[in-house]
Amino acid sequence: MSAEFMRRAIALGLENVRTGGGGPFAALVVKQGRILAEGVNCVTTTNDPTAHAEVVAIREACRNLGNFQLTGCDLYTTCEPCPMCLGAIYWARPSRIFYACIAADAAAVGFDDAFIYDELRRGHQERRLPMQQLLREESLAIFSLWKQLENKKRY
């Protein structure tokens, strides 16, 4: 854990706000005391709803490492990760996450993701966005083929 790295993330978030970027969010991926990647929220500047700071930093770090996993890395972020980012973080498998603000702090300035957590607890039929299963049997063929592959790269 390093306050220096969190201060760097906070500085990036501050710069992003001052320059009209996508919000007060920034993240770093650090390995062995060295910053591998930095990311800021650029949802509105890139018209990409997945361009949250953590996802941007994870993508860059994985490219730099040549690997889809962040084994032995730490993630520093200016705010507790949203559900999407948390999912990406778990898939990337860093060793630790350090965050500054909490979800309630983000909600207080208009970034409230509580509704997503609420939606995840609901059954498919009860969600705001209609979800309907279609062609499961046909799609199972793809999973069957994957299961049979001997040279697959697991993740």
Worked check of side chain to side chain contact (heavy atoms under 4.5 Å, CB included) between N151 and L149: CA-CA 6 Å; N151 62 343; L149 283 180; 4.1 Å; yes
Let's go through F68 and K153 carefully: what are the C-alpha distance in whole Å and the side-chain angles of both, what is the deciding distance for side chain to side chain contact (heavy atoms under 4.5 Å, CB included) to 0.1 Å, and is it a yes or a no? CA-CA 11 Å; F68 56 87; K153 191 169 189 178; 3.6 Å; yes
Going through the checks in order, is the side chain to side chain donor-acceptor pair (under 3.5 Å) test met by T50 and R59? CA-CA 11 Å; T50 68; R59 288 174 180 161; 3.2 Å; yes
Check the pair E38 / R8 against side chain to side chain contact (heavy atoms under 4.5 Å, CB included), numbers first and verdict last. CA-CA 9 Å; E38 299 178 336; R8 174 64 184 154; 2.8 Å; yes
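Note that the CG atom of D105 and the OG1 atom of T78 stand 10.5 Å from one another [nearest 0.5 Å]. Note that OH of Y155 is 11.0 Å distant from CD of Q69, once rounded to the nearest 0.5 Å. Here the straight-line distance linking atom CG of L28 with atom SG of C73 works out to 12.0 Å at 0.5 Å rounding. Distance SG/C82 to CZ/F25: 8.5 Å, rounded to 0.5 Å. E15 CD to I10 CD1: the interatomic distance, rounded to the nearest 0.5 Å, is 14.0 Å. E119 contributes atom CD, which lies 10.0 Å from atom CE of M131 (distance to the nearest 0.5 angstrom).
For K152, the NZ atom sits in a packed shell: over 12 heavy atoms of surrounding residues, nucleotides or ligands are nearer than 6.0 Å. Other residues, nucleotides and ligands contribute over 12 non-hydrogen atoms within 6.0 Å of the OH atom of Y117. Within a 6.0 Å sphere centred on CZ of R127, other residues, nucleotides and ligands contribute more than 12 heavy atoms. Applying the 6.0 Å contact sphere to CZ of F111 captures more than 12 heavy atoms from other residues, nucleotides or ligands.
Evaluated for a side chain to side chain contact (heavy atoms under 4.5 Å, CB included) with I89, the options L70, V55, T77, L75 yield exactly one hit, L75.
In this structure, the side chain of K31 engages the main chain of T71 through a donor-acceptor pair within 3.5 Å. Distance alone, capped at 3.5 Å, places no donor-acceptor pair between the R34 side chain and the Q32 backbone. The closest donor-acceptor contact from the side chain of T46 to the backbone of C42 lies under 3.5 Å. A donor-acceptor pair under 3.5 Å is absent between the side-chain atoms of D74 and the main chain of V30, judged by distance alone. Side chain of E126 to main chain of G123: a donor-acceptor pair is present (N/O by atom type, distance under 3.5 Å, no hydrogens or angles). Looking at E80, its side chain does come within 3.5 Å of a backbone N or O of A103 through a donor-acceptor pair. Using a distance-only test at 3.5 Å, with no hydrogens or angles considered, no donor-acceptor pair links the side chain of N64 to the main chain of A37.
Of the N and O atoms on the side chains of S144 and Q148, at least one donor lies less than 3.5 Å from an acceptor on the other residue.
Taking the six-membered ring where the residue is Trp, Y76 and F5 present tilted rings, their angle falling between 30° and 60°.
The nearest pair of heavy atoms linking A26 to A9 is CB-O, 3.2 Å.
In this structure, R63 does not pair ionically with E60, as no charged nitrogen and carboxylate oxygen lie closer than 4.0 Å.
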